[in-house]
Amino acid sequence: MNKVDTLSSLKKQTEQIKRDKKFTFISNKILNIYEKAKEKKVFLVSIDIKNGKIIINLEAKNKKSIYDFLNEFKDMAIQNIYFDEKIKRFISNASFKIYRR
């Protein structure tokens with residue numbers, strides 16, 4: 001490979017990096033949700049993506065774990081949180097907007 005080919009290749013790689021930085025991949029957001037849930041000891045029952053929002057259903061042994069988890073994300077809206085006597089866990093539904101550049 002000569003200098004011209006090398007410079008052309010570097011230019012193409014640079015352009016690809018610039019294009020990739022313009023977007024936030026949803027898979028990265030979902031991975032972050034799973035990592036934070038594990039860290040905060042929250043069990044994710046489901047994750048759904050609708051109309052530019054991520055909607056999650058979760059369970060935890062204590063309410064503080066749920067609040068600690070949800071405080072990790074911007075613009076989080078808690079629809080409800082309650083204690084289920086059958087399973088002896090707190091259950092919550094929450095959502096937040098997906099901001100994509």
A.B. asks: Around atom CG of N80, are there more than 12 heavy atoms from other residues, nucleotides or ligands closer than 6.0 Å?
C.D. replies: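 Yes, CG of N80 has more than 12 neighbouring heavy atoms, counting only those of other groups under 6.0 Å.
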A.B. asks: According to salt bridge (charged side-chain N to carboxylate O under 4.0 Å, His left out), does anything in residues 76-90 pair up with another residue at least two apart or in another chain? List the pairs.
C.D. replies: E85-K88
A.B. asks: Taking only residues two or more places apart in sequence, or in another chain, which ones meet Y34 in a ring pair (Phe, Tyr, Trp, His ring centres under 6.0 Å)?
C.D. replies: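 Y34 satisfies ring pair (Phe, Tyr, Trp, His ring centres under 6.0 Å) with no other residue.
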A.B. asks: Would I49 end up clustered with L70 when hydrophobic side chains under 4.5 Å apart are linked, directly or stepwise?
C.D. replies: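 Same cluster.
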A.B. asks: Name all residues meeting the salt bridge (Lys or Arg N to Asp or Glu O under 4.0 Å) criterion together with E72; count only those two or more places apart in sequence or in a different chain, and write none if there are none.
C.D. replies: K36, K40
A.B. asks: With S92, which residues qualify under side-chain hydrogen bond (donor to acceptor under 3.5 Å, both in side chains), at least two apart?
C.D. replies: none
A.B. asks: So which residues get pulled into I91's cluster when ILVMFWY side chains under 4.5 Å apart are joined, directly or through others?
C.D. replies: Y82, I87
A.B. asks: In a table with atom names and distances, give each donor-acceptor pair under 3.5 Å that connects a side chain of residues 54-64 to protein atoms at least two apart or in another chain.
C.D. replies:
unit_1 : atom_1 : unit_2 : atom_2 : d
N57    : ND2    : S46    : OG     : 2.6
N62    : OD1    : K64    : N      : 3.4
N62    : OD1    : S65    : N      : 2.8
N62    : OD1    : S65    : OG     : 2.8
K64    : NZ     : D68    : OD1    : 3.4
K64    : NZ     : D68    : OD2    : 2.8

A.B. asks: Out of curiosity, S95 OG to I47 CD1, how far, rounded to the nearest 0.5 Å?
C.D. replies: 13.0 Å
A.B. asks: Taking it one step at a time, do I81 and I66 satisfy side-chain contact (heavy atoms from CB on, under 4.5 Å)?
C.D. replies: CA-CA 9 Å; I81 187 168; I66 291 175; 3.8 Å; yes
A.B. asks: Restricting to pairs with a member in residues 40-80, which pass ring pair (Phe, Tyr, Trp, His ring centres under 6.0 Å), not counting sequence neighbours?
C.D. replies: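 Listed by first then second residue: F69-F73, F73-F96.
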